[in-house]
Amino acid sequence: MKEYKYKINGNNYTVAVGDIDDNIAQVEVNGVPYKVTLDRPAPAAVKVQAPRPSAAPRTASGEKIIAPRPAAGGKGTVVAPLPGVVISVNVKVGDTVKASDTVVMLEAMKMENSIRAGRDGKVTGVNVAAGESVLEGAPLVTIE
């Protein structure tokens with residue numbers, strides 16, 4: 001209960017406001033309980049969460065941006081282990097990478113997945129961009 005103290009025309013009042021159900025409030029004035037009817041029901045608290053993308057991004061013409069599944073990945077190609085959305089690409093053409101370096105961050109099933117190089121070498125091609133949807137097996141980065 002919230003309690004308020006008022007002085008009206010020289011008279012002191014202690015007002016305690018209790019629960020509000022629908023449009024009925026439980027109010028106590030100087031120890032005397034009252035049920036007060038409000039003009040409108042009290043608005044319910046609304047919890048707003050930031051929206052997450054639920055569909056693949058689309059081009060200006062409305063087509064989905066999804067990289068097609070490759071026929072076969074080369075020996076130096078890092079491929080997507082599962083379908084998802086590219087969050088970030090951490091390398092660029094010409095970078096030297098170690099096998100344990102993260103080259104792409106992929107969001108799949110509401111989880112962020114670090115996609116590692118898998119071998120030492122030099123990046124010769126980046127086939128995806130941040131925000132792009134990819135299918136399982138899609139080539140992400142080429143390492144020679």
Side-chain angles (χ1 to χ4, degrees), residues 1-8 13-144:
M1 279 189 148
K2 290 187 179 182
E3 189 171 296
Y4 303 94
K5 295 188 183 212
Y6 297 102
K7 188 171 191 175
I8 302 173
Y13 296 94
T14 302
V15 179
V17 180
D19 294 332
I20 300 174
D21 293 320
D22 292 324
N23 62 340
I24 307 289
Q26 303 294 328
V27 179
E28 198 173 286
V29 180
N30 290 340
V32 179
Y34 295 96
K35 288 187 179 180
V36 178
T37 304
L38 304 174
D39 287 341
R40 313 177 271 220
V46 177
K47 184 177 181 184
V48 178
Q49 294 180 346
R52 304 267 309 169
S54 60
R58 297 179 183 270
T59 63
S61 64
E63 297 175 12
K64 291 183 179 179
I65 301 173
I66 298 180
R69 185 176 184 143
K75 189 173 184 180
T77 303
V78 178
V79 296
L82 64 166
V85 177
V86 176
I87 297 172
S88 67
V89 179
N90 301 339
V91 294
K92 60 185 181 298
V93 175
D95 286 354
T96 302
V97 294
K98 298 285 185 190
S100 62
D101 290 348
T102 298
V103 293
V104 174
M105 288 296 290
L106 184 70
E107 180 183 8
M109 298 181 286
K110 298 187 180 185
M111 299 280 293
E112 291 184 5
N113 300 282
S114 298
I115 310 302
R116 304 205 187 285
R119 63 182 286 188
D120 294 348
K122 184 176 180 181
V123 176
T124 58
V126 176
N127 305 317
V128 293
E132 188 175 330
S133 293
V134 294
L135 296 174
E136 180 180 352
L140 303 175
V141 177
T142 306
I143 300 172
E144 294 294 328

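In what follows, residues are counted from 1 in the order of the sequence shown. It should be emphasised that the depicted structure is a prediction, and the values quoted were computed from it without experimental measurement. Note that these values count all heavy atoms, side chains included, but never hydrogens, waters or copies made by symmetry.
- Interatomic distance, Ile143 CD1 to Asp120 CG, rounded to the nearest 0.5 Å: 9.0 Å.
- Of all heavy-atom pairs spanning Tyr13 and Val29, the tightest one is CD2-CG1, 4.0 Å.
- Using a 4.5 Å heavy-atom cutoff, the side chains of Asn127 and Leu140 are not in contact.
- Closest non-hydrogen pair, Thr77 versus Pro139, comes out as CG2-CB, 3.6 Å.
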Result block: side-chain N/O donor-acceptor pairs under 3.5 angstrom for residues 78-100, not counting sequence neighbours:
residue : atom : partner : partner atom : Å
Ser88   : OG   : Asn90   : OD1          : 3.1
Asp95   : OD2  : Lys92   : N            : 2.9

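- Considering all non-hydrogen atoms of both residues, Glu112 and Met105 come closest at OE1-CE, 3.7 Å.
- When every heavy atom of Pro33 is checked against every heavy atom of Gly31, the shortest pair comes out as CD-O, 3.6 Å.
- Between atom NZ of residue Lys5 and atom CG of residue Asn30 there is a gap of 10.0 Å, rounded to the nearest 0.5 Å.
- Minimum interatomic distance between Met111 and Asn113 (heavy atoms only, all atoms of both residues): O-ND2, 3.3 Å.
- Residues Thr102 and Arg116 come closest through the heavy atom pair OG1-NH1, 2.7 Å.
- The OG1 atom of Thr14 sits 13.0 Å away from atom OH of Tyr4, with the distance rounded to the nearest 0.5 Å.
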